[in-house]
S.K.: 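Sharing a structure, written as structure tokens. Questions coming.
Reminder, nothing fancy here: chain letters follow the sequence lines and each chain counts from 1. These figures come from a predicted structure and were not determined experimentally.
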Amino acid sequence: GAVVSQHPSRVICKSGTSVKIECRSLDFQATTMFWYRQFPKQSLMLMATSNEGSKATYEQGVEKDKFLINHASLTLSTLTVTSAHPEDSSFYICSAPPGGYDTQYFGPGTRLTVL
Amino acid sequence: KQEVTQIPAALSVPEGENLVLNCSFTDSAIYNLQWFRQDPGKGLTSLLLIQSSQREQTSGRLNASLDKSSGRSTLYIAASQPGDSATYLCAVNQGAQKLVFGQGTRLTINP
């Protein structure tokens with residue numbers, strides 16, 4: 001089946017620093033990718049839709065200047081958490097739907113801990 | 001605003017039992033509904049996808065049903081095994097592939 005990877009799997013950073021998370025579709029092209037956030041024992045919440053070659057669209061309540069998204073190619077989207085604070089600590093997961101299919105493939109997630 | 005609710009939040013059963021997980025959603029205008037499995041600290045694995053025009057889908061020991069008009073879906077797991085222990089999430093697609101997830105049911109199968 002289709003594979004989506006994320007890097008890094010875990011990151012610990014100090015408050016105020018920026019962290020970049022990569023999401024790659026390994027065996028298919030994805031014009032659209034999605035970024036979700038999952039707090040402990042809660043469900044996934046869609047943060048934004050990453051669009052190749054154009055600006056990302058953000059869900060209500062998500063700060064676009066804090067969560068920078070770049071969809072540089074048909075296989076790579078990056079999420080940068082700028083000036084991270086402890087409340088940004090969460091599990092970030094990306095997903096990508098292969099073109100023409102309804103199923104989405106999810107990455108393994110990135111655990112961000114901000115000290 | 002679409003809301004997805006899963007009941008129960010947690011379930012523990014002995015190995016070999018058949019079980020049903022429930023999912024309800026408030027807005028019936030959906031394109032499809034998916035059931036996912038999530039192991040601790042891991043990403044999601046898609047189990048079954050039901051289109052809005054379908055009533056059910058089956059894969060091995062799993063059967064998912066959809067009653068769009070009443071806003072309900074069930075995931076039936078037959079002959080449960082310890083390896084089935086995980087959190088099960090249902091998600092509805094309201095268009096543009098945007099998924100709204102339920103809180104999940106944490107399933108434990110006891111040997």
S.K.: Among A:I93, A:T49, A:L44, which residue has the highest count of heavy-atom pairs closer than 4.5 Å to chain B?
M.R.: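 Heavy-atom pairs under 4.5 Å are most numerous for A:L44.
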S.K.: Counting heavy-atom pairs closer than 4.5 Å to chain A, which one of B:A91, B:G102, B:G104, B:A9 comes out on top?
M.R.: B:G102
S.K.: Considering residues, nucleotides and ligands other than A:H85, do more than 12 of their heavy atoms fall under 6.0 Å from its NE2?
M.R.: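 Atom NE2 in A:H85 is crowded, with more than 12 foreign heavy atoms closer than 6.0 Å.
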S.K.: Taking every heavy-atom pair that is under 4.5 Å apart, which of B:L99, B:T87, B:D39 has the most such pairs with chain A?
M.R.: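 Ranked by contacts with chain A, first place is B:L99.
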S.K.: Heavy-atom distance under 4.5 Å to chain A: side chain of B:Q6, backbone, both or neither?
M.R.: neither
S.K.: B:F36 versus chain A, heavy atoms under 4.5 Å apart: side chain, backbone, both or neither?
M.R.: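 Just its side chain gets close to chain A.
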S.K.: Heavy-atom distance under 4.5 Å between the side chains of B:Q103 and A:S43, does that happen here?
M.R.: yes
S.K.: Can you give me the closest heavy-atom contact between A:R111 and B:G41, atom names plus distance?
M.R.: NH2-CA, 4.5 Å
S.K.: Same hydrophobic cluster for B:V100 and B:L49, using side-chain heavy-atom links shorter than 4.5 Å among ILVMFWY?
M.R.: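 No; tracing contacts between hydrophobic side chains, which count when under 4.5 Å, never links both residues.
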S.K.: Could you look at A:E59 and say if it's the side chain, the backbone, both or neither that has a heavy atom under 4.5 Å from chain B?
M.R.: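 Side chain only.
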S.K.: In terms of hydrophobic clustering (I, L, V, M, F, W, Y; side-chain heavy atoms under 4.5 Å; direct or indirect links), are B:F101 and B:L107 co-clustered?
M.R.: no
S.K.: If you group Ile, Leu, Val, Met, Phe, Trp and Tyr by side-chain heavy-atom gaps below 4.5 Å, do A:L76 and A:V4 land in one group?
M.R.: no
S.K.: Considering residues, nucleotides and ligands other than A:F91, do more than 12 of their heavy atoms fall under 6.0 Å from its CZ?
M.R.: yes
S.K.: Among side-chain atoms of B:Q34 and A:Q104, is any donor-acceptor pair under 3.5 angstrom?
M.R.: no
S.K.: When you group the ILVMFWY residues by side-chain heavy-atom contacts below 4.5 Å and let the links chain together, are B:L62 and B:V13 in the same group?
M.R.: yes
S.K.: Quick one: pull up OG in A:S9 and NZ in B:K42 and give me the separation to the nearest 0.5 Å.
M.R.: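 The OG atom of A:S9 sits 8.5 Å away from the NZ atom of B:K42.
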S.K.: With the side chain counted from C-beta on, respond yes when B:L44 and A:Y36 share a heavy-atom pair under 4.5 Å apart, and no when they do not.
M.R.: no
S.K.: I'd like to know whether NZ of A:K66 has more than 12 heavy-atom contacts from other residues, nucleotides or ligands below 6.0 angstrom.
M.R.: yes
S.K.: Does CZ belonging to B:R61 count more than 12 external heavy atoms closer than 6.0 Å?
M.R.: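 More than 12 heavy atoms, drawn from other residues, nucleotides or ligands, come within 6.0 Å of this atom.
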